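One structure is given below, encoded as structure tokens.
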Amino acid sequence: MPLDGLKRLLAAPKGDGAQARRDRAMLALMGVHGLRVAEVGGLSLDGIDLDAGALRIVGKGDKTRAVYLVPTTAAALSAWLEVRPAVALPGEPSCFVATGNHGRGTERAIRGMVDGNLERLGLKRAGISCHSLRHNAATWARAGGASLD
């Protein structure tokens, strides 16, 4: 997916409601930072430090790593966290929750949200998926001079 496609995808959730805020934050984490669907779905509130601009992610094999947020992703995540208490059950530790039935956002639901936005924008085709966002994020980071180590 070209960089312009990512920009369109990140802008796809319209409005200022809880679902749009949540979806923008999830898309930024996957498209800009390369998080896996399971990592987004498993992100807990105690793994977020917006003051430091960092997340503690538990990935494959239960390996923990730090992810440092760019300002636009930090802003999207902050906007979601402002409205999250209104839709989350009290004591729910997951960052991303379903906005309609007060449950946890499932990996299937996350994939459906991404695919739905890709289809609506005309970007969905063979090989374009949640996981391709991860690969593209690495490619764009490397092109921008970042070390993938």
Side-chain angles (χ1 to χ4, degrees), residues 1-60 64-141 144 146:
M1 178 185 334
L3 187 55
D4 179 61
L6 175 64
K7 289 178 182 178
R8 290 176 48 214
L9 181 61
L10 295 176
K14 300 295 182 201
D16 199 38
Q19 184 173 335
R21 289 180 185 212
R22 182 203 63 195
D23 292 355
R24 279 192 292 270
M26 289 192 294
L27 289 168
L29 290 172
M30 289 186 284
V32 176
H33 298 280
L35 269 64
R36 295 176 178 93
V37 172
E39 294 169 341
V40 171
L43 180 61
S44 64
L45 292 175
D46 66 358
I48 301 170
D49 184 349
L50 286 178
D51 292 333
L55 305 176
R56 186 179 66 250
I57 300 296
V58 179
K60 273 188 170 179
T64 302
R65 71 180 190 283
V67 172
Y68 298 97
L69 304 175
V70 298
T72 53
T73 304
L77 187 54
S78 179
W80 159 243
L81 292 174
E82 286 176 8
V83 297
R84 183 191 172 281
V87 296
L89 291 172
E92 171 59 51
S94 297
C95 174
F96 295 109
V97 297
T99 58
N101 63 5
H102 301 284
R104 182 170 176 262
T106 65
E107 290 180 33
R108 183 176 180 175
I110 294 169
R111 282 189 181 91
M113 179 273 294
V114 172
D115 286 346
N117 280 299
L118 288 169
E119 287 176 16
R120 194 170 60 256
L121 295 170
L123 298 171
K124 182 70 177 154
R125 57 186 150 281
I128 304 295
S129 64
C130 292
H131 197 70
S132 68
L133 293 178
R134 178 174 172 76
H135 289 276
N136 286 333
T139 300
W140 295 318

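The figures here come from the full heavy-atom set of this structure, side chains too, leaving out hydrogens, waters and symmetry mates. None of these values were measured; they are calculated from a predicted model. Residue numbers run from 1 in the order of the sequence given.
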Legend entry - Arg22 side chain to Val97 backbone, donor-acceptor under 3.5 Å: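 Judged by distance alone, yes, a pair lies under 3.5 Å.
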
Inset, instruction - Please answer whether the main-chain N or O of Val37 pairs with a side-chain N or O of Arg111 as donor and acceptor at a distance below 3.5 Å. - result: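 Flag not set: sc Arg111 to bb Val37 has no pair under 3.5 Å.
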
With rounding to the nearest 0.5 Å, note down the distance linking [atom1] in [X] to [atom2] in [Y].
X	Y	atom1	atom2	result
Phe96	Leu81	CZ	CG	7.5 Å
Ile110	Asp115	CD1	CG	12.0 Å
Leu43	Leu77	CG	CG	7.0 Å

Considering non-hydrogen atoms only, spot the tightest contact between [X] and [Y] and give its length.
X	Y	value
Ala25	Trp80	CB-CB, 4.2 Å
Ala12	Leu121	CB-CD1, 3.8 Å
Ala20	Gly15	CB-O, 3.7 Å
Val114	Met30	CG2-CE, 3.3 Å

Inset, instruction - Enumerate the residue pairs fulfilling side chain to side chain donor-acceptor pair (under 3.5 Å) with a member in residues 26-45, sequence neighbours excluded, ordered by first and then second residue. - result: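 Those involving residues 26-45 are His33-Thr73, Arg36-Glu39, Glu39-Arg65, Ser44-Asp46.
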
Inset, instruction - For residues 10-19, pull every pair meeting side chain to side chain donor-acceptor pair (under 3.5 Å), keeping only residues two or more places apart or in separate chains. - result: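 As it turns out, the side chain to side chain donor-acceptor pair (under 3.5 Å) pairs with a partner in residues 10-19, which skip direct neighbours, are Asp16-Arg21.
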
Hey, does [Y] have a side-chain heavy atom less than 4.5 Å from the side chain of [X]?
X	Y	value
Leu123	Asn117	no
Leu29	Val67	no
Met113	Leu27	yes

Legend entry - side chain to side chain contact (heavy atoms under 4.5 Å, CB included) between Val32 and Leu10, worked out: CA-CA 9 Å; Val32 176; Leu10 295 176; 3.8 Å; yes

Inset, instruction - Step by step, work out the side chain to side chain contact (heavy atoms under 4.5 Å, CB included) result for Leu133 and Leu9. - result: CA-CA 10 Å; Leu133 293 178; Leu9 181 61; 3.9 Å; yes

Side-chain donor-acceptor distances from residues 83-90 under 3.5 Å, at least two apart:
from  : atom 1 : to    : atom 2 : distance (Å)
Arg84 : NE     : Ser94 : O      : 3.1
Arg84 : NE     : Cys95 : O      : 3.0
Arg84 : NH2    : Glu92 : O      : 2.7
Arg84 : NH2    : Ser94 : O      : 2.6

